[in-house]
Amino acid sequence: MSESSGPGNFIRTIIDEDLAAGRTAGRVVTRFPPEPNGYLHIGHAKSICLNFGLAQDYGGVCNLRFDDTNPLTEEHEYVASIEQDVRWLGFDWGERRFHASDYFERLYEFAVRLIGKGSAFVCDLSHDEVRDARGTLTRPGRPSPYRDRPVQENLALFARMRAGDFPDGSRTLRARIDMASPNLNLRDPVIYRIRRAPHYRTGDAWCIYPSYDWAHGQSDYIEGVTHSICTLEFQDHRPLYEWFLEQLDAQPRPRQIEFARLNLAYAVMSKRLLQQLVRERVVSGWDDPRMPTLSGLRRRGVTPEAIRQFCAGIGVAKADSLVDMGFLESCIRKDLEPATPRVMCVHDPLRVVLTNWPQDRVLELEAPYFPDESGRQGTRLVPLSRELFIEREDFMEDPPKGFFRLSPGGEVRLRRAYVIRCDEVLKDAAGTPVELRCSVDLETLNAAPVGRKVRGIIHWVSARHALPAQVRLYDRLFAVPNPTGDKEGDFKRHLNPDALQVLAGAMAEPSLAAARPGERYQFERKGFYFVDPLDAAPGKPVFNRIVTLRDTWARLQDQQGPPGA
RNA sequence: UGGGGCGUAGCCAAGCGGUAAGGCAGCGGGUUUUGAUCCCGUCAUUCCUAGGUUCGAAUCCUAGCGCCCCAGCCA
């Protein structure tokens with residue numbers, strides 16, 4: 001069993017069988033094959049954890065291989081981000097960083113062998129003609145008129161394709177398989193196309209580029225990959241994958257295994273759509289904390305450990321699924337809960353005046369960073385003075401049954417401080433409370449009030465000492481579980497307008513002036529927060545909400561219907 | 001109407017002919033100076049449906065039904 005790829009899944013079963021049958025000489029070699037045309041997202045994390053996790057567990061290796069066969073869309077910027085993300089997630093490919101483009105020469109030689117066997121031919125059909133001849137799902141295709149070109153002629157033409165004798169798109173090299181196959185992938189698929197585009201690694205060394213189907217399996221073979229794990233949409237390609245290997249008498253042969261890609265509720269997981277959000281400035285970038293990208297999750301403050309636990313927890317199978325966002329949140333909380341220091345920050349301040357507290361008195365309370373029962377050490381000083389801020393939602397003039405925070409005449413405990421009673425409510429012209437006049441029970445510091453029970457505990461911050469802070473509340477990017485579910489219509493109309501809420505007047509306890517970029521805190525009763533590594537300045541922290549705390553009260557309220565509705 | 005896959009709880013997911021793991025969510029209770037955490041308990045007489053084989057079926061067979069993928073010189 002492993003942390004990263006989970007217990008018994010069907011892929012492990014296959015590997016166990018292969019090992020038992022001696023099919024791979026005891027070796028397990030996997031690979032993670034991103035195309036450097038976008039940023040990695042949590043769906044890729046599933047694949048990374050699977051591939052690297054399997055290699056770890058079976059004492060094998062996992063290659064990082066850039067599947068860079070399409071120079072039009074690939075850029076170095078992406079390979080840098082991909083490497084950073086994989087490393088951040090906690091995996092190490094050692095020296096085993098490869099590129100499909102490393103194999104261009106060998107791939108070319110392989111293609112020559114295919115031609116030599118009469119298994120590939122140069123086709124002069126145009127793009128449209130190829131499409132027309134391919135047939136449909138229910139009707140077989142027609143053979144290309146160039147299908148029976150003599151081997152020598154194919155060889156000469158292919159060499160000239162490489163030499164740049166023909167214009168882009170004018171010719172292709174095609175495998176010679178079966179135009180009547182019910183599997184469209186076997187209807188003489190294109191394996192080389194002419195494309196005069198500079199490649200980010202090979203520059204203008206090539207004007208022909210191999211297709212995915214041709215490059216991928218052969219790259220697996222070259223690298224000695226034993227188990228080539230990909231997503232479900234490639235199942236139909238497996239016969240082609242195997243056909244190529246067979247044509248080349250490849251030995252030993254890698255085996256392709258497909259699993260279901262990750263879908264996360266209230267998110268989109270397609271590079272194309274994520275790219276669109278970035279390009280159209282719907283989000284601030286690939287690392288916008290609302291994005292399901294690894295860079296976005298990192299910027300939000302999610303830990304790699306939480307993502308690994310998530311990937312281990314969702315399992316690996318072949319059934320399409322839509323994983324509950326709540327599960328990711330649960331993994332994040334679980335990872336953050338034990339070791340994240342607790343502090344106080346009021347998001348929406350309501351002024352409280354402690355009428356029986358001397359004007360100038362400041363009491364420095366030594367407050368532990370962790371729950372008393374956790375056994376963890378560490379404290380900070382929290383000043384208490386006559387005027388405070390409390391959370392506006394922690395006061396209700398006319399509270400529903402079961403509300404045990406503050407209300408007129410009611411009592412509540414200030415977290416790690418005294419019990420106070422609300423004696424008077426001051427309101428503005430619109431009737432909105434602007435200030436609460438409260439009295440302190442001076443007997444209640446570290447002691448229970450006598451003769452009554454005070455159930456509620458609220459967080460607070462001394463007004464005079466409060467540190468204004470920017471707090472960014474993040475929520476799910478989309479308002480519906482499956483934004484791309486309906487075929488028609490723009491997925492962007494399902495965007496959640498409240499996915500980002502920037503708090504204007506949040507007030508943090510003064511100890512947070514020392515918060516350093518990249519640190520995580522729990523704001524008690526609120527959630528876990530991350531000091532934004534880019535936007536925070538010394539003494540001016542910016543907090544990203546990573547995830548809220550579980551909130552049983554809010555849930556009960558929701559069940560009762562929204563208040564005032 | 002072609003081919004390839006997949007259907008086990010609200011969401012994931014084990015299970016591989018011997019009588020339905022686990023996690024998330026939910027529900028009930030306990031502890032608690034975070035309505036958090038933690039702890040205890042509960043949550044599928046049934047596995048898409050219908051037949052069949054078998055002493056015994058989620059697992060095997062047959063027939064349906066539903067969902068996903070494939071007609072890029074993308075990956």
Side-chain angles (χ1 to χ4, degrees), chain A residues 6-10 13 33-35 37 67-70 72-74 123 125-127 130-131 134-141 168-174 181-187 189-195 208-209 211-213 215-216 230-239 258 260 265 271-272 312-331 333-334 337-338 342 344 371-374 402-405 413-417 419 444 446-448 454-459 481 522-527 548-556:
Chain A
N9 62 53
F10 77 101
T13 306
E35 185 190 10
N37 68 346
D67 224 339
D68 52 358
T69 57
N70 183 0
L72 261 24
T73 56
E74 295 154 5
C123 180
L125 255 25
S126 72
H127 200 306
V130 169
R131 179 166 22 81
R134 186 159 26 232
T136 69
L137 294 179
T138 50
R139 255 197 307 277
D168 284 10
S170 63
R171 283 182 166 82
T172 54
L173 184 70
R174 294 226 260 161
S181 172
N183 181 344
L184 305 210
N185 294 119
L186 298 180
R187 319 243 263 227
V190 168
I191 61 181
Y192 270 96
R193 69 280 215 196
I194 304 174
R195 197 107 112 190
I208 57 172
Y209 290 94
S211 64
Y212 164 84
D213 285 304
H216 201 92
C230 62
T231 43
L232 252 30
E233 66 270 27
F234 292 104
Q235 282 178 123
D236 289 345
H237 294 242
R238 192 179 347 121
E258 310 87 11
K271 259 197 265 185
R272 202 189 98 244
I314 55 176
V316 178
K318 297 189 74 163
D320 291 319
S321 64
L322 185 62
V323 176
D324 200 326
M325 185 64 95
F327 182 62
L328 209 211
E329 293 175 350
S330 159
C331 293
R333 291 190 192 106
K334 197 169 187 168
E337 160 62 35
R342 272 66 165 174
M344 294 191 285
D372 301 338
E373 69 277 11
S374 74
F403 180 84
F404 43 81
R405 275 106 95 152
R413 177 178 290 279
L414 298 176
R415 174 71 166 157
R416 316 224 94 127
V419 169
T444 54
N446 298 319
V454 174
R455 177 86 197 272
I457 299 158
I458 62 174
H459 59 282
Q522 182 192 107
F523 291 168
E524 290 200 85
R525 306 207 308 130
K526 283 294 182 185
T548 62
L549 257 29
R550 257 179 104 237
D551 190 346
T552 306
W553 173 248
R555 207 186 60 235
L556 290 173

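These numbers come from the heavy atoms of this one structure, side chains and all, not from hydrogens, waters or symmetry mates. Labels below follow one simple rule: chain letters A, B, ... track the order of the sequence lines, proteins then strands, and each chain is numbered from 1.
Among the protein residues, A/H216 comes within range of no part of the nucleic acid, since none of its heavy atoms lies under 4.0 Å from any strand. Here A/R131 lies in heavy-atom contact (under 4.0 Å) with sugar-phosphate atoms only. Heavy atoms of A/R134 sit under 4.0 angstrom from primed sugar atoms or phosphate atoms, though from no base atom.
Of all nucleotides present, none satisfies the Watson-Crick or G-U wobble test against B/C74 with each distance under 3.5 Å. Remark: B/U46 base-pairs with no nucleotide in the shown strands. Criterion, Watson-Crick or G-U wobble with two distances under 3.5 Å. Pairing of B/C38, defined by two Watson-Crick or G-U wobble distances under 3.5 Å, is identified with B/G30.
For A/S374, no side-chain nitrogen or oxygen approaches OP1 or OP2 of B/U37 to under 4.0 Å.
At a threshold of 4.5 Å between non-hydrogen side-chain atoms, the residues A/R550 and A/R555 count as touching.
With sequence neighbours excluded, the residues satisfying ring-ring contact (aromatic ring centres under 6.0 Å, His included) with A/F234 are A/Y212, A/H237.
Taking 4.0 Å as the cut-off between side-chain N and carboxylate O, A/K334 and A/E329 do not count as a salt-bridged pair.
For the pair A/H459 and B/U34, the ring geometry does not qualify as stacking, because the centroid separation below 5.5 Å and plane angle under 30° are not jointly satisfied. For B/G35, the base is stacked against the aromatic ring of A/W553, per a cut-off of 5.5 Å between centres and 30° between planes.
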